[in-house]
Amino acid sequence: MKRIIRTALIALVTAAVSACSMYDDTELRDRLDGIDDKIASLEETVKDINSDIDALQKIVDALRQNVTIDRVEAGTDGYVIYFSDGTTAEITNGKDGANAPIISVAQDESDGLWYWTIDGEWLVVDGQRIRAQGIDGEDGQPGEDAVSPQVRINPDTKMWEISVDGGLNWESTGIVAEGQDGEPGTGGSGIIADVDYESDAYNVIFILADGTRISVPKTISVEFNIKGLSSEGVESYLYGSSRTYNVEISGMFAYVVSKPDGWRVTLSMAEDTTLTVTAPTRENTYAETEGMIGFSLQSMTGEVSMVTFRVKAVEYELRVLTFEGEYWSSLIDTPQYGGPLLYGESGTGPADYEWYDDGNTFLKHVMPENYGTTCYWGGGHAVSDYIETDIANGDYLHQLAVYYKDPVTGFGGHNGSENFCVHFGYKDESPYNMTENLPSIEFGDGVARVVDHLYIMWNTYLANCVSNGNGLTDPLTPDGYVKVIAIGYDAEGVKIEQEPEFFLASSEGNIREWTKWDLSSLGKVSKIEFNVAGDSDNGYGFSQPAYFCYDDVAVRFE
């Protein structure tokens, strides 16, 4: 059609120019360009309508296949619908001016299927209505797919035409897309008038141009969050004991629980949802001592997911000092060096700094007295949440900063937690070292217990000096080392002979992330002192910064 019109007009222009070289053809050329623009606009309208027809078929077929909608993204030109089976559909914003037929769908009350309609009437070909959704076969036989109509504008008649056989045959709708003078008609061309994905929590509602409303379920995943599970990966229970957890649940329709033999698991869906787990008694020899508790969860839209955690019946339970919470955060000093909590209001002490994990592990720390006062520069354990991953900033002004940042949470503690503790202090054989008391942790209730383990990491100050040195120390040599020594005291206060060691840096490599340090070999202790040692010596004794960070201290309770 373009070629025919353009050729005719060019012929007219050529004739006119031949007749009179002074003829002004501006108006004729503008008319030629205008017709091209209108044809291009109509071609875009045809494309949009056919795209909407495909989208509408996917929408109604989703109802039959139990496909849900993951999300809807709105843009300047329409919407993109993301279905749970991985397919997508694009819906265009309706345009005025094409005088297009109103193509829609309607559900038959007798068979429940959706059929195509045109201008409010069933779309019938060869006496059969055209289905907008497929139907399943019976007894293993193949089903029947739906048919997607196509539309076009006949270039000669300017009529809208429709095909139901992939474009092989076309039938006129009797609707003119353009007037007799070539001007577009005035009707709208939108098939799907609007998409409502906010007003209904469970459905996306499609409003068609003829007022038909189709609701397709949203994809609703189950949220099942058990509060208070250990970061250790296994929940330890004393034989015969129970533990109750708070649970946050949303989107769940049904669940099935699995558990080891001999264990009891109860999910209470009262006002506050709780999960109670009870371990078998020691006398129940038929029970499994450990295994997996699992919840198979079904959402309101049929999505299935699993939540599992390991459990173990033990002679003791592990309680963990995490340094998390408002109380612990209140113990974080600012600035890191010279702050009022760790150095006293005067900056030279005494500092009334201590902490106590009352009611949990019962671990306690009191700032030791050294050099006639209690200040952090004389040794101690300070709660911190400071992070410094630029090793160049590793100096005493960043003494409470851990050399680590969790890639998920952005915090510095073990397992992505926010807070941790920083040790400073050492004793060696140098006559220049006047330290009297090493920093320690002890049981504030006076009961000796086994400290099972803790997690350890170095701070940025030590990391920098080991790597680069400073004015007080050379970098660590290839064969050099820095280690932490744990010194335990039994219930009577007698030093335990065995002293576990942990190497922060050595010829085998430097610590790079939070690492578990097993302290159970000390047995039951009333107190553990920590010392930092190494082979760096500047003539005045051990010369590397005597710092390390620790977190998640686990204690055995029988």
* Asked: Yes or no on side-chain hydrogen bond (donor to acceptor under 3.5 Å, both in side chains) for Thr435 and Tyr371, after CA distance, side-chain angles and deciding distance?
  -> CA-CA 7 Å; Thr435 299; Tyr371 308 100; 3.1 Å; yes

* **Residues, nucleotides or ligands: over 12 heavy atoms within 6.0 Å of Phe253 CZ** => no

* Asked: Mind checking whether Ile91 and Val195 have side chains closer than 4.5 Å, heavy atoms only?
  -> yes

* **Atom of Thr308, atom of Gly294 and distance for their closest heavy-atom approach** => CG2-CA, 3.8 Å

* Is there a donor-acceptor contact under 3.5 Å linking the side chains of Asp518 and Ser520? -> yes

* Side chain of His365, backbone of Glu442: donor and acceptor closer than 3.5 Å? -> no

* Are any of the side-chain heavy atoms of Lys218 and Tyr202 separated by less than 4.5 Å? -> no

* To do: Considering non-hydrogen atoms only, spot the tightest contact between Gly412 and Tyr404 and give its length.
  => O-CD2, 3.5 Å

* Are any of the side-chain heavy atoms of Ile511 and Tyr403 separated by less than 4.5 Å? -> no

* Proximity of Tyr343 and Tyr337 rings by center, below 6.0 Å -> yes

* Asked: With side chains defined as the heavy atoms from C-beta onward, is the minimum distance between Arg310 and Lys312 less than 4.5 Å?
  -> no

* Asked: Any side-chain heavy atom of Ile69 within less than 4.5 Å of one from Tyr197?
  -> no

* Asked: Under 4.5 Å between any side-chain heavy atoms of Val555 and Leu321, yes or no?
  -> no

* Evaluate whether atom CD of Gln298 has more than 12 neighbouring non-hydrogen atoms of other residues, nucleotides or ligands under 6.0 angstrom away. => yes

* To do: Using a strict 4.0 Å threshold on nitrogen-to-oxygen distance, state whether Lys527 and Glu529 make a salt bridge.
  => yes

* Quickly, which of Trp377, Tyr547, Tyr386, Tyr461 forms a side chain to side chain donor-acceptor pair (under 3.5 Å) with Gln399? Name it, please. => Tyr547

* Asked: Side chains of Ser536 and Tyr481: do they bring a donor and an acceptor to under 3.5 Å?
  -> no

* Asked: With a 3.5 Å cut-off and no angle check, do the side chains of Thr473 and Asn538 form a donor-acceptor pair?
  -> no

* Asked: Would you call Glu315-Arg282 a salt bridge at under 4.0 Å N-O?
  -> yes

* Asked: Hey, is CG on Asn360 packed in by over 12 heavy atoms from elsewhere, all under 6.0 Å?
  -> yes

* Asked: Does CE in Met292 sit with more than 12 non-hydrogen atoms of other residues, nucleotides or ligands closer than 6.0 Å?
  -> yes

* Structure fact -> Partner of Val482 under side chain to side chain contact (heavy atoms under 4.5 Å, CB included), picked from Phe542, Phe548, Phe503, Phe502, is Phe542

* Are the side chain of Asp551 and the backbone N or O of His414 linked by a donor-acceptor pair below 3.5 Å? -> yes

* **Parallel, tilted or perpendicular: ring planes of Phe323 versus Trp328, cut at 30 and 60 degrees** => perpendicular

* Which class fits the ring pair Phe362 and Tyr356: parallel under 30°, tilted 30 to 60°, perpendicular over 60°? -> tilted

* Structure fact -> Scanning both residues in full, the closest heavy-atom pair of Asp333 with Leu342 reads OD2-N, 2.9 Å

* Has Tyr396 got more than 12 heavy atoms of other residues, nucleotides or ligands less than 6.0 Å from its OH? -> no

* **N-O pairing of Arg64 and Asp61 below 4.0 Å** => yes

* Counting only heavy atoms not in Lys524, do more than 12 sit closer than 6.0 Å to its NZ atom? -> no

* To do: May I ask you to check whether Tyr239 and Glu283 show a side-chain donor-acceptor distance below 3.5 Å?
  => no

* To do: Would you mind reporting whether His398 and Gln336 have side-chain heavy atoms less than 4.5 Å apart?
  => yes

* For residues Met252 and Met269, determine if any side-chain heavy atom of one lies less than 4.5 Å from a side-chain heavy atom of the other. => yes

* For the pair Asn415 and Ser417, evaluate side-chain hydrogen bond (donor to acceptor under 3.5 Å, both in side chains) and give the outcome as yes or no after the intermediate values. => CA-CA 6 Å; Asn415 202 39; Ser417 64; over 6 Å; no

* To do: Fit a plane to each ring of His453 and Tyr455, take the angle between them on a 0 to 90° scale, and name the class: parallel (under 30°), tilted (30 to 60°) or perpendicular (over 60°).
  => perpendicular

* Heavy-atom pair of closest approach, residues Thr409 and Gly416 -> OG1-O, 2.9 Å

* Asked: Is the Trp263 ring parallel, tilted or perpendicular to the Tyr237 ring (thresholds 30°, 60°)?
  -> perpendicular

* How long is the gap from CG on Asp385 to CD on Glu324, to the nearest 0.5 Å? -> 9.0 Å

* Which word best sums up how the rings of Tyr550 and His381 line up, parallel for under 30°, tilted for 30 to 60°, or perpendicular for over 60°? -> perpendicular

* Asked: So, for Trp355 and Tyr327, is the gap between ring centers shorter than 6.0 Å?
  -> no

* To do: Determine whether the aromatic ring centres of Tyr353 and Tyr376 lie less than 6.0 Å apart.
  => no

